[in-house]
Amino acid sequence: MEQPLQPIEQSLFADIQALIESSRQRTFTAVNAEITMLYWRIGKHIRQFLIIHNRAEYGKQIIATLSQQLILEYGKGYSPRNLASMVKLFDYFSDENILQTLSAKLSWSHFIELLSEKDELKREFYYTLCINERWNVRQLRDRINSMLFERSALSKQPEITIQNDLEKLRSTREMSPAIAFKDPYILDFLGLVNTYSEKDLEQAIIVQLQEFILELGNDFAFMARQKRVTVGDTDYYIDLLFYHRKLRRLVAIDLKLGKFEHSHKSQMELYLRWLAKYEQHPHELSPLGLILCADKSDELVELLEMDATGIHVAEYLTELPSKELLQQKLQQAILLSKQRLAQSSKEEE
């Protein structure tokens, strides 16, 4: 019969258990990185063979024949589809040093999801946030499918700004508000249908708070619901109050059922000034506001210069539209935003 461990022995067991688990994790990470680099080198050899021997047009046939031989020798992991992914891995991540760094933090399954994105800048966005927020493979796939890049405020910026913000996040772990905020927010998990009130919307968010934070971003921490703001003898209430760890800012969220109106700006400005005066700590930066509404006019948002006031206006969707419709809407929004930025730059010259 096994004897129970004494407290001092239990402490010894816990220490050794921690050593074993830590070693297992390091071994897993090292093996995963080596597998990814092996696949990259296989992809490199195949691509270079096709180029050197001028056989690019026979690529599929050559890969199929090669796959048959490799499967006989090493198993099903070298199917034609997997070999094609290895070639694509080399094509998309041709810098071996960059891939070595990424392979220490991302699994081969993560890379498979990243290979579905043809645009280099979008891939950089997704792998940077994937590492920063520690997404698992399913979360990465969901973010790509929901077009997170196109929904981020960052996508409306010039390409050089996007690259600089992502590099800053990787090197210093400092996140810009443009990365933190989105438009629209997809709240289909709330299960709201037909007619509902602002109170219903708020209550649904509280009930599904974990899912809501996943949509906001992992660095958002919930602080309060209906936060009271007292000015003189009048009480106002912030619908939801969060804190963003990397931004080091309080974030006030106001929920609106209808279309964004200019009066919503002054209301949020009051909240932010009150938070800055009474709630902001010395090490924190100025609070930010997020107005979530059912609809908005981009022209009105631009004329009110909302970004300059630290207030982000975004739509929310309680039902997920088709990917084609969402893509069309987001691409149009990105195009209009970049046209306005270009026009603004010309006027300043």
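What you see below is based on every heavy atom in this structure, not just the backbone, and it leaves out hydrogens, waters and symmetry mates. A quick note: this is a predicted structure, and the numbers were derived from the prediction, not measured.
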Chemist: Within this structure, what is the OG-CE distance for the pair Ser152 and Met147, rounded to the nearest 0.5 Å?
Modeler: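 Separation between the atoms: 11.0 Å.
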Chemist: Please walk me through it: do His312 and Leu288 pass side-chain contact (heavy atoms from CB on, under 4.5 Å)?
Modeler: CA-CA 8 Å; His312 182 68; Leu288 297 173; over 6 Å; no
Chemist: Side-chain atoms of residues 205-218: list all donor-acceptor pairs with protein atoms under 3.5 Å, sequence neighbours left out, distances to 0.1 Å.
Modeler:
{"from": "Glu215", "atom 1": "OE2", "to": "Arg151", "atom 2": "NH1", "distance (Å)": "2.6"}
{"from": "Glu215", "atom 1": "OE2", "to": "Ile186", "atom 2": "N", "distance (Å)": "3.0"}
{"from": "Asn218", "atom 1": "ND2", "to": "Glu133", "atom 2": "O", "distance (Å)": "2.7"}

Chemist: Quick check on the hydrophobic clustering: are Val251 and Phe260 connected, directly or via other members, by side-chain heavy-atom contacts under 4.5 Å?
Modeler: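 No, Val251 and Phe260 fall in different hydrophobic clusters.
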Chemist: I need the full list of salt bridge (Lys or Arg N to Asp or Glu O under 4.0 Å) pairs touching residues 266-285, with sequence neighbours left out, sorted by first then second residue.
Modeler: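 Listed once each, the pairs are Lys227-Glu279, Lys265-Glu269.
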Chemist: Do other residues, nucleotides or ligands put more than 12 heavy atoms under 6.0 Å from the CD atom of Glu305?
Modeler: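 For Glu305, atom CD is not crowded (no more than 12 foreign heavy atoms under 6.0 Å).
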Chemist: Can you name the one residue among Asp239, Leu201, Leu255 that meets side chain to side chain contact (heavy atoms under 4.5 Å, CB included) with Leu292?
Modeler: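 Output: one option passes, namely Leu255.
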Chemist: Test of understanding: with side-chain contact (heavy atoms from CB on, under 4.5 Å), list the residues that count as partners of Ser197, not counting sequence neighbours.
Modeler: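 For Ser197, the residues satisfying side-chain contact (heavy atoms from CB on, under 4.5 Å) (neighbours in sequence not counted) are Lys199, Asp200.
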Chemist: Please test Leu99 against Phe111 for side-chain contact (heavy atoms from CB on, under 4.5 Å), starting from the C-alpha separation and ending with a verdict.
Modeler: CA-CA 10 Å; Leu99 187 70; Phe111 281 105; 3.5 Å; yes
Chemist: For Thr234, check side chain to side chain donor-acceptor pair (under 3.5 Å) against everything at least two apart and list the hits.
Modeler: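 Thr234 satisfies side chain to side chain donor-acceptor pair (under 3.5 Å) with no other residue.
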Chemist: May I ask you to decide if Gln61's main-chain N or O and Thr65's side chain share a donor-acceptor pair within less than 3.5 Å?
Modeler: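 Pair found, side chain donor or acceptor close to backbone of Gln61.
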Chemist: Donor-acceptor pairs under 3.5 Å, side chain of residues 120-127 to any protein atom, not counting sequence neighbours: which ones?
Modeler:
{"from": "Lys122", "atom 1": "NZ", "to": "Glu150", "atom 2": "OE2", "distance (Å)": "2.7"}
{"from": "Arg123", "atom 1": "NH1", "to": "Glu117", "atom 2": "O", "distance (Å)": "3.0"}
{"from": "Arg123", "atom 1": "NH1", "to": "Lys118", "atom 2": "O", "distance (Å)": "2.9"}
{"from": "Glu124", "atom 1": "OE2", "to": "Arg170", "atom 2": "NH1", "distance (Å)": "3.2"}
{"from": "Glu124", "atom 1": "OE2", "to": "Arg170", "atom 2": "NH2", "distance (Å)": "2.9"}
{"from": "Tyr126", "atom 1": "OH", "to": "Leu148", "atom 2": "N", "distance (Å)": "3.3"}
{"from": "Tyr126", "atom 1": "OH", "to": "Phe149", "atom 2": "N", "distance (Å)": "3.1"}

Chemist: If I compare all heavy atoms of Ser266 with all of Ser263, which pair ends up nearest, and what's the gap?
Modeler: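 The answer is OG-O, 2.9 Å.
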Chemist: If you define the side chain from C-beta out and look only at heavy atoms, does anything of Arg141 sit under 4.5 Å from Val137?
Modeler: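 Arg141 reaches Val137 side chain to side chain.
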Chemist: Shared ILVMFWY cluster between Ile162 and Ile131, side chains joined below 4.5 angstrom?
Modeler: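 Yes: a chain of side-chain contacts under 4.5 Å links Ile162 to Ile131.
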Chemist: Check salt bridge (charged side-chain N to carboxylate O under 4.0 Å, His left out) between Lys44 and all other residues, then give those that pass, not counting sequence neighbours.
Modeler: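 For Lys44, no residue satisfies salt bridge (charged side-chain N to carboxylate O under 4.0 Å, His left out) once neighbours in sequence are set aside.
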Chemist: Locate the shortest heavy-atom distance separating Arg249 from Ser286; write the atom from each residue and the value.
Modeler: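 Where Arg249 meets Ser286 most closely, the heavy atoms are NH1-O, 2.8 Å.
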Chemist: Going by ring-ring contact (aromatic ring centres under 6.0 Å, His included), name the pairs with one or both residues in residues 214-236, residues two or more places apart or in two chains.
Modeler: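 Sorted result for residues 214-236: Phe220-His244, Phe222-Phe242.
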Chemist: For the pair Ser67 (side chain) and Tyr78 (backbone), establish whether a donor and an acceptor sit closer than 3.5 Å, ignoring hydrogens and angles.
Modeler: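 It does hold such a pair.
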Chemist: To the nearest 0.5 Å, what is the distance between OG (Ser107) and CD1 (Ile35)?
Modeler: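 With rounding to 0.5 Å, OG (Ser107) is 10.0 Å from CD1 (Ile35).
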Chemist: When you measure from the side chain of His45 to the backbone of Ile42, do you find a donor-acceptor pair of N or O atoms at a distance under 3.5 Å?
Modeler: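 A pair under 3.5 Å: no.
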Chemist: Please confirm whether the backbone N or O of Arg245 pairs with a side-chain atom of Asp219, one donor and one acceptor, at under 3.5 Å?
Modeler: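 Not confirmed, Asp219 side chain does not pair with Arg245 backbone.
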Chemist: In Å, rounded to the nearest 0.5 Å, how long is the span from CD1 of Ile46 to CD of Gln48?
Modeler: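 Spacing of CD1 (Ile46) from CD (Gln48) equals 11.0 Å.
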Chemist: Locate the shortest heavy-atom distance separating Gln267 from Tyr271; write the atom from each residue and the value.
Modeler: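 Where Gln267 meets Tyr271 most closely, the heavy atoms are NE2-OH, 3.0 Å.
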Chemist: Determine yes or no for a side-chain-to-main-chain donor-acceptor pair under 3.5 angstrom, with Thr27 supplying the side chain and Ser23 the backbone.
Modeler: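 Yes, Thr27 side chain to Ser23 backbone: donor-acceptor pair under 3.5 Å.
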Chemist: Please tell me if the side chains of Leu140 and Leu106 come closer than 4.5 Å, counting only heavy atoms from C-beta onward.
Modeler: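 Not touching, per the 4.5 Å side-chain cut-off.
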Chemist: Between Tyr92 and Leu114, does a side-chain contact (heavy atoms from CB on, under 4.5 Å) hold up when you go through it step by step?
Modeler: CA-CA 9 Å; Tyr92 285 179; Leu114 290 169; over 6 Å; no
Chemist: Report the distance from atom CD of Glu261 to atom CD1 of Ile291, rounding to the nearest 0.5 Å.
Modeler: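 Rounded to the nearest 0.5 Å, the CD-CD1 separation comes out at 11.0 Å.
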Chemist: Please list, chain by chain and in numerical order, all residues satisfying side chain to side chain donor-acceptor pair (under 3.5 Å) with Asn32, sequence neighbours excluded.
Modeler: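 Asn32 satisfies side chain to side chain donor-acceptor pair (under 3.5 Å) with no residue once adjacent residues are dropped.
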Chemist: Please confirm whether the backbone N or O of Met306 pairs with a side-chain atom of Thr309, one donor and one acceptor, at under 3.5 Å?
Modeler: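 Answer holds: yes.
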Chemist: Determine, using the 4.5 Å side-chain heavy-atom cutoff (strictly less than), whether Ile253 and Ile179 are members of one ILVMFWY cluster.
Modeler: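 They do share one cluster, since a chain of ILVMFWY contacts under 4.5 Å joins Ile253 to Ile179.
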Chemist: Can the ring centres of Tyr39 and Trp108 be said to be less than 6.0 Å apart?
Modeler: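 Ring centres of Trp108 and Tyr39 closer than 6.0 Å.
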Chemist: Is there a chain of hydrophobic side chains (I, L, V, M, F, W, Y, each step under 4.5 Å between heavy atoms) that links Tyr278 to Leu240?
Modeler: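 Unlinked, Tyr278 and Leu240 end up in two clusters.
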Chemist: With rounding to the nearest 0.5 Å, note down the distance linking CZ in Arg41 to OG1 in Thr36.
Modeler: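 Answer for the CZ-OG1 pair, Arg41 versus Thr36, is 10.5 Å.
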Chemist: The criterion is side-chain contact (heavy atoms from CB on, under 4.5 Å); which residues satisfy it with Ala204, sequence neighbours excluded?
Modeler: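 Leu190, Leu192.
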Chemist: For the CD atom of Glu159 and the CG atom of Asn164, what is their distance to the nearest 0.5 Å?
Modeler: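 Rounded to the nearest 0.5 Å, the CD-CG separation comes to 10.5 Å.
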Chemist: What verdict does the side-chain hydrogen bond (donor to acceptor under 3.5 Å, both in side chains) test give for Ser22 and Arg26, after you've listed the backbone C-alpha separation in whole Å, the side-chain angles of each residue and the deciding distance to 0.1 Å?
Modeler: CA-CA 6 Å; Ser22 176; Arg26 289 195 303 273; 2.7 Å; yes
Chemist: Find out if a path of hydrophobic residues (ILVMFWY) with successive side-chain heavy-atom gaps under 4.5 Å connects Leu272 to Phe181.
Modeler: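 The answer is no; the residues belong to distinct hydrophobic clusters.
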Chemist: Can you pull the salt bridge (Lys or Arg N to Asp or Glu O under 4.0 Å) pairs that have at least one residue in residues 171-185, sequence neighbours excluded?
Modeler: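 For residues 171-185: Lys168-Glu174, Asp183-Lys296.
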Chemist: State, to 0.1 Å, how close Leu317 and Pro184 come at their nearest heavy-atom pair, and which atoms those are.
Modeler: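 In terms of heavy atoms, the two residues are closest at CD1-CG, 3.8 Å.
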Chemist: Yes or no on side-chain contact (heavy atoms from CB on, under 4.5 Å) for Leu129 and Leu166, after CA distance, side-chain angles and deciding distance?
Modeler: CA-CA 9 Å; Leu129 265 68; Leu166 292 175; 4.3 Å; yes
Chemist: Can you name the side-chain contact (heavy atoms from CB on, under 4.5 Å) partners of Asp91, sequence neighbours left out?
Modeler: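 With neighbours one apart ignored, the set is Arg47, Val87.
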Chemist: Please report the shortest heavy-atom distance between Asn82 and Gly77, naming the atom on each side.
Modeler: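 Scanning both residues, the minimum pair turns out to be ND2-O, 3.0 Å.
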Chemist: Under a single-linkage rule joining Ile, Leu, Val, Met, Phe, Trp and Tyr whose side-chain heavy atoms are separated by less than 4.5 Å, which residues share a cluster with Ile160?
Modeler: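 Its cluster partners, ordered by chain and number, are none at all.
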Chemist: Tell me the closest heavy-atom pair linking Ile71 and Ser79, and the distance in Å.
Modeler: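 Of all heavy-atom pairs spanning Ile71 and Ser79, the closest is CD1-CA, 4.1 Å.
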Chemist: Is the backbone N or O of Asn97 less than 3.5 Å from a side-chain atom of Thr101, with the two atoms forming a donor-acceptor pair by type?
Modeler: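 Yes; judged by distance alone, with no hydrogens or angles, the pair exists.
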